[in-house]
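Report on the following structure.
Predicted model only: the values in this text are computed from it and were never measured.
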Amino acid sequence: MLKAIETENVTKNIIREITRECASRGINITDNCAAYVIKLMVLNPEHGFISDRPLARDDVQLLVDVCVQKLSEECSPSLATIQMQVYFDTNFATRHDIINENRANIKLRTMPLIKEIIETHAKTKEDLEKLYRKIVVTTATSSGLGNPTNSSILREARAVLSSVFPHTELSQFMAMSRKYKEQQITELTLITTGIRLFNRDCQKGGEGIEDLPNLLQKAVVATQSSLESQLQKLLGRVNVLTTAVEKCVRIPDKPKHMYRVQEVEEEAVGEKTEKEGDKDQAEKLHKIPKKQMQMVWDGLTTARQLEVYLRKLLMEVVTSKQVLAELLDKLKLRLTNIHETVRFRTAIPTIQVYPQFIHLSQIWTSLQEEMVFLSNINNLAWNLQKYLQVLEYTDEGVVKQMIGNTQVLTDEARLKATTGLKIDSTGIKCEVLYPAQVTDFDKIPLQYLGFCAWSLVEGLGALIPGNPNMGVCQWKGNYYAFSSPVTAAEFGQDPDKYVMSLLNLMKKKPELINLLQLQEQVAAGCVTAELPIKKPEPIIKRNSEIQTEVHPTPSHIDPTYRWNEWDLKRDAIKLANILKCKTKSVQTEPSYQKMTIGLQAKPSKSQEVQTIQDRKFNIPELQMFI
């Protein structure tokens, strides 16, 4: 992987460019698909990317062009295989992950209600009634038993809750801390769910609760039958394509000691006829266009990849069937124990019955999670079928011409045909392990999913199943199966050559990396003998001086220059309007011979005035004496 590709920002920019270019061509792709194609295209040495230097500007544009060209291929089984791999890796999840995601979704839906209940501070009687109704709705919603908007279901849920958590205990609930409030709501949900399930079993309630055990049993059988039908139909196509590809792969001549007695006798009788038939078949194959033969090769890869995914989904369904059987046994046993506990008793200690109701609720929740898991499996199987439509573009006439008069063999028939043969360990570098020598021989992890290693290299990606019953070649801790002792002998002469050649082939056919589970080997860069890479020629740099004339052409600026034609039109309209106008002057009689005179006003001054003094006079008082 290039250093620049490992940079997150650079990768996002390249993905953005690829998606934009594909959208302009009417191709809708996801960011995951674009990122996956980038990684695969960088591996191809024919594109000239070098892993020990960062991407230049031209390299980025080249990478975008290469990825867009790959994503724009029409009727391409190779592209369909890559898209299938991206879709499955993105959407497939283990049982544990699906169950955890479902629980997280349920918690996310009910969290606003629980938070509102915890943060409510009810004081009046009406507030307490509203709080109790919220608790009822929360327990009904979290249990998943029917539609919580149905009035009859809410009425039953309220009646069950009142028997466990009376209205009078709200004051104690309000005094609890946030943590204990949440724990009590969860516990109330489990207990009320178990009581409603028990009432349903007693036929005294259970409004809106579906017959989940019966539905699950039917769903598992239907899903398994559907996957087996799809797989059987696919295997018919795989057998035809495998026979056609196998017929075109050149098998080396067999030494006489590797033939069985019957084969030697048949060869002595029909040696001449066989050679003539091989010559005619070779002439027919040379007439087939290379592009059409490549479609058959890539179509087999697509079919084998879908086979791997369908078998994986089928194994998950078989596991789900076993889990369902265990859950149904637990459900039946738990209901029986509850019936025995409450039989002929009017008062039962809560410590005896509440844990049983909680366990019953947990069993039912596991059944609901199995339904979610089966729904996910069905969606995956349905969406995977669209990638098989690309095989319809394969020319059936070409396939028949490649097969010739050869009988179409299944994988089982191909294994049966090589039964009794053994790989000869003399003269080869590998250690040969036989089934009789190794315990648990069937559990040996075979490289390349058990396909013949020699055929993959010599057939340029031909997926021919190997037969481990003949023996398995061990080389550097890895185990390889082969389609015949002859191919095993060829491989054993130089194992490193074939291993390295196959890893180099993966770079040109990147869809095989995921199919043959070689991600770690390719990512680790364990290819030591790579194909020749077109390295860019070195750029020669020199220092040179040049002198340019300051002003080679005299400049002239015209102030009246107009570059916009609309300015000229605007000036023309203005001149046309002026030609139609007249200018006149008018003098009125009252203002005739009047002049404007300017006056200068003197500002006023503040002055003080002194008045005369005020004086007083005394008048003699009149006195009268008697």
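- Using a cutoff of 4.0 Å between basic side-chain nitrogens and carboxylate oxygens, E182 and R178 are not scored as salt-bridged.
- Salt-bridge annotation for R16 and D31: absent, with no side-chain N of the basic residue lying under 4.0 Å from a carboxylate O of the acidic one.
- Using a 4.5 Å heavy-atom threshold, the side chains of Y448 and L502 count as touching.
- Atom CD of E187 has 12 or fewer heavy atoms from other residues, nucleotides or ligands within 6.0 Å.
- Looking only at distances, no side-chain donor or acceptor of S225 sits under 3.5 Å from a matching main-chain atom of A222.
- Judged purely by distance below 3.5 Å, without hydrogens or angles, the side chains of Q85 and Q305 pair a donor atom with an acceptor atom.
- The two residues L300 and L463 come nearest to each other via the heavy atoms CD2-O, 3.9 Å.
- Residue-environment remark: OH (Y393) stays at or below the threshold of 12 foreign heavy atoms within 6.0 Å.
- Closest of all the heavy-atom pairs between W297 and L460 is CD1-O, 3.7 Å.
- Contact detail for C22 and L71: the closest heavy-atom pair is SG-CD1, 3.8 Å.
- For M111, the CE atom is densely surrounded, since the number of other residues' heavy atoms within 6.0 Å is greater than 12.
- Using a 30° and 60° split on the angle between ring planes, Y387 and Y87 fall in the tilted class, from 30° to 60°.
- Looking only at distances, no side-chain donor or acceptor of T223 sits under 3.5 Å from a matching main-chain atom of V220.
- Within the 3.5 Å criterion, the main-chain N or O of V86 finds a donor-acceptor partner in the side chain of T90.
- Classified by interplanar angle (parallel below 30°, tilted 30° to 60°, perpendicular above 60°), the ring pair Y354/F357 is tilted.
- Annotation for D97: atom CG counts as buried by contact number, over 12 foreign heavy atoms lying within 6.0 Å.
- Under the 4.5 Å side-chain criterion, counting only non-hydrogen atoms from C-beta, L314 is not in contact with L310.
- Enclosure of atom CD in E210 is not indicated, since only 12 or fewer non-hydrogen atoms of other residues, nucleotides or ligands lie within 6.0 angstrom.
- Heavy atoms only, all atoms of each residue included: C67 and I18 are closest at CB-CD1, 3.6 Å.
- No side-chain donor-acceptor contact under 3.5 Å links E73 and S78.
- Looking only at side-chain heavy atoms (C-beta outward), I118 and I114 come within less than 4.5 Å of each other.
- When only modelled atom types and interatomic distance are considered, N32 and T30 share no side-chain donor-acceptor pair under 3.5 Å.
- Side chains of N239 and T410: a donor-acceptor N/O pair is absent below 3.5 angstrom, by distance only.
- Under a 3.5 Å cut-off, the side chain of W364 and the backbone N or O of L145 do not form any donor-acceptor pair.
- Identified under the side chain to side chain donor-acceptor pair (under 3.5 Å) test for residues 105-118, with sequence neighbours left out: E116-K134.
- Looking at L313, N514, V308, L306 one by one, the single match for side chain to side chain contact (heavy atoms under 4.5 Å, CB included) with F88 turns out to be L313.
- Other residues, nucleotides and ligands contribute only 12 or fewer heavy atoms inside 6.0 Å of the CD atom of E74.
- Salt bridge annotation for E369-R95: absent, with no cationic side-chain nitrogen under 4.0 angstrom from a carboxylate oxygen.
- With hydrogens and angles ignored, the 3.5 Å screen pairs no side-chain donor or acceptor of S483 with any backbone N or O of G466.
- The main-chain N or O of I185 is found under 3.5 Å from a side-chain atom of T189 such that the two form a donor-acceptor pair.
- Checking N91 against N379 by side-chain atom types alone, no donor-acceptor pair falls below 3.5 Å.
- Taking both residues in full, the closest heavy atoms of C452 and T487 are given as SG-OG1, 3.9 Å, listed atom of the first, atom of the second, then distance.
- Dense packing is recorded around CD of Q362, with more than 12 heavy atoms of other residues, nucleotides or ligands lying under 6.0 Å away.
- Between T81 and T301, the side chains place no donor N or O within less than 3.5 Å of an acceptor N or O (distance only, hydrogens not considered).
- Counting only distance, with no hydrogens or angles, the side chain of S72 and the backbone of V68 share a donor-acceptor pair below 3.5 Å.
- A salt bridge is defined here as a Lys NZ or Arg NE, NH1 or NH2 lying under 4.0 Å from an Asp or Glu carboxylate O, and E326 with K330 fails to meet this definition.
- The CG atom of L79 lies 11.0 Å from the CE atom of M84; values are rounded to the nearest 0.5 Å.
- K416 has no carboxylate O lying under 4.0 Å from a charged side-chain N of D411, or vice versa, which leaves the two without a salt bridge.
- The aromatic rings of Y132 and F165 lie parallel to each other, their planes meeting at an angle below 30°, with 60° marking the opposite boundary.
- Considering every non-hydrogen atom in both A381 and L227, the closest pair reads CB-CD2, 3.6 Å.
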